[in-house]
Chemist: 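The structure under discussion is supplied below as structure tokens; questions concerning it will follow.
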Amino acid sequence: MIFTVATFAILVTISLGLARALMGPTVYDRILAVNMVGTKTVLLIAVFAVLSGRTNMIDIALTYALINLVGVVAVLKFVEQGNFYTDGEDD
Amino acid sequence: MIFVEIISWIFIFTGALLGIAGGIGIHRFPDFYSRLHAVGITDTMCAGCFIIGLCLQTGFTIASLKLLLIFVFLFFSCPTATHALADTAMLSGLKARLDKEQ
């Protein structure tokens with residue numbers, strides 16, 4: 001029973017984050033909202049893994065947390081320098 | 001045995017409340033830099049409450065060890081991502097709204 005409450009709360013948080021991602025005035029608000037949604041997805045996978053008893057799904061949540069960080073930093077690098085192939089010195 | 005159940009329910013419930021509080025906070029705060037704080041709350045504290053609650057549910061197994069690993073990683077990675085975000089925003093000239101009459 002508590003897992004349905006937890007899942008519902010996480011889904012509400014994700015929808016609020018997505019709403020902020022759509023409305024966000026600056027691009028950094030959008031990256032921030034995507035970062036938050038990514039973290040909540042990690043929690044959603046973890047809650048579902050424990051809910052359904054399949055505990056090997058927790059590795060998926062861990063991998064997703066790793067990828068989320070790399071994704072956010074990659075998008076930041078792209079936003080800051082406009083492209084991926086310069087190494088940032090010649091600006 | 002029911003005692004551990006109640007404690008994990010309390011942890012999961014506070015995690016859910018913190019998540020929703022962070023979600024509302026990301027909408028109510030006026031400025032990007034204050035929204036960083038709202039997301040920071042949801043990232044570390046809400047995830048921590050959830051994961052401790054889930055660890056109590058799965059008991060003393062490898063699964064709870066993996067959950068604690070997730071929490072340790074989130075505990076270090078989310079502030080780093082938030083810092084990189086604030087740094088890039090500040091470098092690109094996004095001014096913080098300091099006073100009302102701006």
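Everything numeric in this text was worked out from a predicted model, so none of it was measured. In what follows, chains are A, B, ... by sequence order, proteins preceding strands, each numbered from 1.
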Chemist: Check for me, please, whether B:I7 and B:F13 land in the same ILVMFWY cluster - side-chain distances under 4.5 Å, paths through other members count.
Modeler: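 No; tracing contacts between hydrophobic side chains, which count when under 4.5 Å, never links both residues.
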Chemist: To the nearest 0.5 Å, what is the distance between CZ (B:F50) and OG1 (A:T39)?
Modeler: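 Between atom CZ of B:F50 and atom OG1 of A:T39 there are 12.5 Å.
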Chemist: Check each atom of B:L36 against the heavy atoms of chain A and say whether the ones under 4.5 Å are side chain, backbone, both or neither.
Modeler: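 When you check distances to chain A, atoms from both the backbone and side chain of B:L36 fall under 4.5 Å.
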Chemist: Can you say whether B:L74 sits under 4.5 Å from chain A via the side chain, the backbone, both, or neither, judging by heavy atoms?
Modeler: side chain
Chemist: Flag the one option from B:T58, B:T80, B:L67 with the top tally of heavy-atom pairs under 4.5 Å to chain A.
Modeler: B:L67
Chemist: What's the shortest heavy-atom distance between A:L43 and B:C46, and which atoms?
Modeler: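 Between these two residues, the closest heavy atoms are CD1-SG, 4.0 Å.
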Chemist: If you take all heavy atoms of B:I26 and A:A33, which pair is closest and at what distance?
Modeler: CD1-CA, 4.5 Å
Chemist: For residues 17-24 of chain A, give me every residue with a non-hydrogen atom less than 4.5 Å from any non-hydrogen atom of chain B.
Modeler: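 The stretch touches chain B at A:A19, A:R20, A:M23.
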Chemist: Which pair of heavy atoms, one from B:I20 and one from A:T13, lies closest together, and at what distance?
Modeler: N-OG1, 3.8 Å
Chemist: Working to the nearest 0.5 Å, report the span between OG of B:S77 and CG of A:N35.
Modeler: 7.5 Å
Chemist: Name the option with the most non-hydrogen atom pairs under 4.5 Å to chain A; the candidates are B:A81, B:G15, B:A38.
Modeler: B:A81
Chemist: Counting only non-hydrogen atoms closer than 4.5 Å, does B:F32 touch chain A with its backbone (N, CA, C, O), its side chain (CB onward), both, or neither?
Modeler: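 Both backbone and side chain.
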Chemist: In Å, rounded to the nearest 0.5 Å, how long is the span from CG of A:L32 to CZ of B:R35?
Modeler: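 Spacing of CG (A:L32) from CZ (B:R35) equals 8.0 Å.
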Chemist: Determine whether B:I52 and B:L54 fall in the same hydrophobic cluster, where Ile, Leu, Val, Met, Phe, Trp and Tyr are linked whenever their side-chain heavy atoms lie under 4.5 Å apart.
Modeler: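 B:I52 does not cluster with B:L54.
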Chemist: In Å and rounded to the nearest 0.5 Å, what is the NZ to CG distance from B:K66 to A:N56?
Modeler: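 One finds 6.5 Å between NZ of B:K66 and CG of A:N56.
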